[in-house]
Amino acid sequence: MNEKKKLFKQIQIYSFAVYEVALYLNGHPKDRRALEYYRKKKEILSELYEKYEKSYGPLTIRGNNCDEEWKWTSCPWPWEYDPD
Amino acid sequence: MEYHNYNTPLERIDEGFVKQILSGEFDPACGCERGRKEREKINTDCGCNSRSTSSRTCRYNRRYSRCGCNRSDEHHSRVTGREDNTCVEYERETVCGCGDCDGFTPPELHGVPHSMVYSPHHHFEGLYESEDALKRGTIFRCLDFPFSPTACRSGNCNNENKGCR
């Protein structure tokens, strides 16, 4: 697995964790442990997003970090990602 | 929102109503006149009127085959004509048995919130590592159950040893 795929996998992993704890927090909005878990995972996820998008282009429409060129349309579409 | 002020359905709806349901005194029949007559007919035929919950006994016991009124199987056969001797002689889809009204929304339940359920309190513990969580489809060990249309056969479907309550 190359670096790009490893990074993408990490994003999937932490995205899932953030979604899961978000669902839990919907029903337990004051759970300190869950809030801390959410904060940590979201922080890691943000770093991963930034790292990935800086090297390989935007993952979402909000991820275009380049002022000189709009890269969203030139990046692979979801169905163009290699499943491996 | 308003319902955030309530922790349980008991706090939201009338306590007496809940007690009525839990005690078995609540009659979920539709209340329509024809339904009432049908129920009376069933009750009379069945002979369960000696019990306060007679109408419920008659209608509900089609699940359990016997009405529990302690009358003989012969009595039930005669009344119902059914091979399994059940007290209920009508296979109605509506609760009240009249077949005309929407017996699934009896008047007594109007205004009561739909789909309110009890669930054990979920504690934030017994977490998977993030990578394992993605593989398992949940971050919570206690929510990691096999999706199976049948009862658990592996013997590994309870929360023991999963590190969660």
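Just so you know, these numbers use all the heavy atoms, side chains as well, and skip hydrogens, waters and symmetry mates. Convention: sequence-line order gives letters A, B, ...; per-chain numbering from 1.
- Here the CG-CD distance, from B:Leu127 to A:Glu20, works out to 10.0 Å after rounding to the nearest 0.5 Å.
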Could you give the side-chain donor-acceptor pairs of residues 8-19 of chain A under 3.5 Å, partners two or more places apart or in another chain?
residue, atom, partner, partner atom, Å
A:Ser15, OG, A:Ile11, O, 2.7

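- Between atom NE2 of residue A:His28 and atom NE2 of residue B:His121 there is a gap of 4.0 Å, rounded to the nearest 0.5 Å.
- Residues B:Tyr128 and A:Tyr24 do not share a hydrophobic cluster, defined by chaining ILVMFWY side chains whose heavy atoms lie under 4.5 Å apart.
- Within residues 37-45 of chain A, the residues having any heavy atom under 4.5 Å from a heavy atom of chain B are, by residue number, A:Tyr37, A:Lys41.
- For A:Lys6, the side chain to side chain contact (heavy atoms under 4.5 Å, CB included) partners at least two apart in sequence or on another chain are A:Met1, A:Glu3.
- Evaluation of the side chain to side chain contact (heavy atoms under 4.5 Å, CB included) rule for A:Ser74 yields A:Lys71 as partners, not counting sequence neighbours.
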